[in-house]
2 protein chains.
Amino acid sequence: MARKSASGRIGIADVAVKAGVSHATVSRVMNGNFTVDPDIAARVRAAAAELKYQPNPVGRSLALGKTDTIGIVVPDLANPTFQAILRGLSRAAAEDGYRVLIADSFEVSSEESILAGEARRRCDGLVLCAPRMSDAELEEIAPSLHPLVLINRTTAAPHVPSLVVDYGQGVQDIAGHLVELGHTRLAFLAGPPRSASNEMRLKGLETFKAAHPEVQVTMLEGGSDFDTGHEAVDAVLASGATGILAFNDLVAMGLMSGLHERGLDVPGDISVTGFDDIPFAKYTTPALTTGAVPITELGEQAWHQLRALIRKEEDGTPGGRYHPRLEVRASTGPAKAPRSTVHG
Amino acid sequence: MARKSASGRIGIADVAVKAGVSHATVSRVMNGNFTVDPDIAARVRAAAAELKYQPNPVGRSLALGKTDTIGIVVPDLANPTFQAILRGLSRAAAEDGYRVLIADSFEVSSEESILAGEARRRCDGLVLCAPRMSDAELEEIAPSLHPLVLINRTTAAPHVPSLVVDYGQGVQDIAGHLVELGHTRLAFLAGPPRSASNEMRLKGLETFKAAHPEVQVTMLEGGSDFDTGHEAVDAVLASGATGILAFNDLVAMGLMSGLHERGLDVPGDISVTGFDDIPFAKYTTPALTTGAVPITELGEQAWHQLRALIRKEEDGTPGGRYHPRLEVRASTGPAKAPRSTVHG
DNA sequence: GCAAAGCGAGAAAGCGTTTTCTCGCTAGTT
DNA sequence: AACTAGCGAGAAAACGCTTTCTCGCTTTGC
């Protein structure tokens, strides 16, 4: 008869009395400590099995000072990019017996610091994706979040690896591809104004413009989702550009959808490119030319970096840099002669 | 000067000595207990702020017997359906101050029980999506997982709400829609063999066939992802069907992509339908006709059910049933005359 | 045959909170 | 003025586990 502990759940004490040993011995057996007499160990194991005893992880965490859990802060779980990072992170962490706690900030960057702090205290480490957080704030909280791995951000705080995608280079590659196809009027459908990765794209475009003075590049306001792209049709057409670099694949898909509704042909009339290479990108019609980022792998790497930090391994590489690979598909093609434009 | 506790982090004891009071008083102040003298409370708060004290959630969880965390077990985080459930769940739970721990079983259903148990012990409740788990296994573990909410599964265990989508009805609605368009030869591109929701679809189709003996319905083996749909093109064409019910939107998209490559027109030659209405469904070309399931809302409801269980509210409704809404878009159209087929 | 060494298991002290219990002090009542 | 009621805050127990410390037993070596 199992004497249930106060909480109603079976605890180590119940196993101890059933096996006629002390708590300590039960703990030793459960943790594979071999200094226990085999007979007693067997008795304990039998008792544990009979009572279906499962150690309480909270008590364990308190005693051990670790939770075997890591946290990830994302700005928007609806975004396929962060879904992919989460997926890679979760899979890699699971292989090492770690679980993942998610904290979705729902794009309210003011809450991000608090959210990150709370998540961190429940976990052994944190992966932070906070594209909208100000640099100042990031610098301020980074030290208190250690072990910490940053995605697409950097900090001066020591021992904080950053995994960053070279959006600047990627955008240049894409622009180069369009120019090779004969496009001389490009437009960049920008991301959210305070996005760090958008900044990187803008810097890349500046570099590109400097190297290609003959190409006209129009900057258009945008966002990061379908609707943004869909609503941008008018602005895109007004720009007179024939090659459009959308902030990401979502925006590109929205744009293509909008262009389609207007009866325009992609890439016949206008070439459209995305960024990220989300799983759906190759299934759009036409299939989307994009800057492919190994996003899932990025999540996986985030875990490896974090693991090194948690294990206090000194030899961990201090982050990593990912170069997007230009993935040419069917949404880009040769430029046709410039159309007449509204402001031309 | 903060006397750091052994662990290196600042604890309640540090605040206590700094404020010149006992641990108990600090705890009282931090929890808004008003039996503390305002002057002392202020002193404690000042000390806490100065030391940047943040209560350790693990110690708190042990004392309180709750973690303010819930778990969700999903078979595949790459699947947009589960991403949407997770999103809805996470958002709703966050509003009540709960966090979400994810456990991805990566489709290895043999691990699901263990995974679910482990996740449950770290949390105050669990949401279980386990479409491939056998009924017997589900019945066995369900009681030990309480508080538990099931998605698209039911169990005889008491106090286990189920949120189920009526795929059977949905599939009948879709088939009916195709028949109205004049299709008399349909094919069902089935989901994974042991999927519970696939069973529901099959049952629905049986009902449909009984009511429409004049319609020929071919069953085709399938799966649940893009590639499954893409690879099914030959089988679909061989069936001679003009109206295809794909297991879900992903499969439908893969199929449309494959048909497109073969130079076939959707819906001119073949009508294709999906299921779920994932965010991308309306952006495919042609836009996908599908059975729309309010998936995010389902995640949200899962939290509400779970919350009622956690709070031991007796009046909680015992689950819910969702009826897919037929979302007619451009991937379905009038049937053309039957083509010649390979067999029959 | 006795002392020292070694080993196995129980007692107890943490881990960082919350909460009950207790006690001392103040105020209020007759 | 004395006694009680009430209240505020410290001491200590509890949450469930791990781990060090300690002690008693057995074994080994001289």
Side-chain angles (χ1 to χ4, degrees), chain A residues 2-45 47-48 51-68 118 120-124, chain B residues 2-45 47-48 51-69 118 121-124:
Chain A
R3 186 190 63 80
K4 291 231 198 135
S5 70
S7 76
R9 270 187 40 79
I10 288 176
I12 204 172
D14 304 297
V15 180
V17 309
K18 174 146 196 129
V21 298
S22 70
H23 323 307
T25 301
V26 176
S27 173
R28 280 190 273 257
V29 172
M30 298 308 288
N31 292 304
N33 186 323
F34 292 111
T35 69
V36 179
D37 183 293
D39 290 352
I40 296 184
R43 210 164 72 219
V44 169
R45 262 188 279 273
L51 297 177
K52 294 195 203 306
Y53 167 69
Q54 300 288 141
N56 177 329
V58 179
R60 206 148 191 280
S61 291
L62 188 60
L64 256 24
K66 68 193 197 101
T67 61
D68 291 343
E118 282 185 358
R120 173 62 187 83
R121 280 193 299 281
R122 291 176 189 277
C123 301
D124 298 344
Chain B
R3 185 190 62 81
K4 290 224 196 144
S5 69
S7 76
R9 270 186 42 79
I10 288 176
I12 205 171
D14 303 297
V15 180
V17 310
K18 175 146 196 128
V21 298
S22 69
H23 322 309
T25 301
V26 176
S27 173
R28 280 189 272 258
V29 172
M30 299 306 288
N31 292 302
N33 186 323
F34 292 112
T35 69
V36 179
D37 182 292
D39 289 352
I40 295 183
R43 211 165 71 219
V44 169
R45 262 188 278 275
L51 296 178
K52 294 196 204 305
Y53 166 69
Q54 301 287 141
N56 178 329
V58 179
R60 206 149 190 279
S61 290
L62 187 60
L64 257 24
K66 66 193 198 105
T67 61
D68 291 343
T69 301
E118 282 185 358
R121 281 194 299 282
R122 292 176 186 276
C123 300
D124 298 344

**Message:** Nearest 0.5 Å, please: how far is NZ in B/Lys18 from CG in B/Leu51?
**Reply:** 5.0 Å

**Prompt:** Over how many whole Å does the gap from A/Met30 atom CE to D/dG16 atom C1' extend?
**Reply:** 13 Å

**Request:** Can you tell me which residue pairs pass the salt bridge (Lys or Arg N to Asp or Glu O under 4.0 Å) test with a partner in residues 30-41 of chain A, sequence neighbours excluded?
**Result:** none

**Message:** With a cut-off of less than 4.0 Å, is there a side-chain N or O of B/Arg9 near OP1 or OP2 of C/dG16?
**Reply:** no

**Asked** Can you tell me how far the CD atom of A/Gln54 sits from the CD atom of B/Glu118, to the nearest 0.5 Å?
**Response** 8.0 Å

**Prompt:** Over how many whole Å does the gap from B/Asn33 atom CG to C/dT17 atom C1' extend?
**Reply:** 15 Å

**Item:** Length of the line joining B/Ile10:CD1 and C/dT17:C1', which is rounded to integer Å
**Value:** 16 Å

**Request:** Mind listing the closest non-hydrogen atom pair of B/Cys123 and B/Thr69 along with its distance?
**Result:** CB-O, 3.2 Å

**Fill in**
Rounded to whole Å, the NZ-P distance (B/Lys66 to C/dT17) equals 16 Å

**Request:** State the CZ-OH distance between A/Arg45 and A/Tyr53, to the nearest 0.5 angstrom.
**Result:** 13.5 Å

**Message:** Expressed as a whole number of angstroms, how long is the span from B/Ile12:CD1 to D/dA11:C1'?
**Reply:** 14 Å

**Message:** I need a per-nucleotide contact map over nucleotides 4-10 of chain C, read 5' to 3'. Cutoff is protein heavy atoms under 4.0 Å; write B for the base, S for backbone only, - otherwise.
**Reply:** ----SBB

**Heavy-atom closest contact (B/Met30 atom, B/Ala48 atom, distance)** = SD-CB, 4.3 Å

**Fill in**
B/Arg60 CZ to D/dG16 P, in whole Å, measures 17 Å

**Prompt:** Does B/Asp68 reach the side chain of A/Arg122, with side-chain heavy atoms less than 4.5 Å apart?
**Reply:** yes

**Asked** Does a side-chain N or O from A/Asn31 land closer than 4.0 Å to OP1 or OP2 of D/dT18, or not?
**Response** yes

**Request:** From the options D/dG16, C/dT18, D/dT18, select the nucleotide whose nearest atom is closest to the side chain of A/Leu62.
**Result:** D/dG16

All N/O donor-acceptor pairs, side-chain side in residues 55-63 of chain A, below 3.5 Å, sequence neighbours left out:
from    : atom 1 : to      : atom 2 : distance (Å)
A/Asn56 : OD1    : A/Val58 : N      : 2.7
A/Asn56 : OD1    : A/Gly59 : N      : 3.3
A/Arg60 : NH2    : A/Asn31 : OD1    : 2.8
A/Ser61 : OG     : A/Pro57 : O      : 2.8
A/Ser61 : OG     : A/Lys66 : O      : 3.2

**Request:** Estimate the overall bend of the helix from C/dG1-D/dC30 to C/dT30-D/dA1 from the end axes over five pairs each, rounded to 10 degrees.
**Result:** 60°

**Spacing of A/Gln54 atom CD relative to D/dC17 atom P, expressed in whole Å** = 11 Å

**Asked** Sequence neighbours excluded, which residues qualify as side chain to side chain contact (heavy atoms under 4.5 Å, CB included) partners of B/Arg28?
**Response** B/Ala24, B/Thr25, B/Asn33, B/Thr35, B/Val36

**Asked** Do the side-chain N or O atoms of A/Tyr53 get closer than 4.0 angstrom to the phosphate oxygens (OP1, OP2) of D/dC17?
**Response** yes

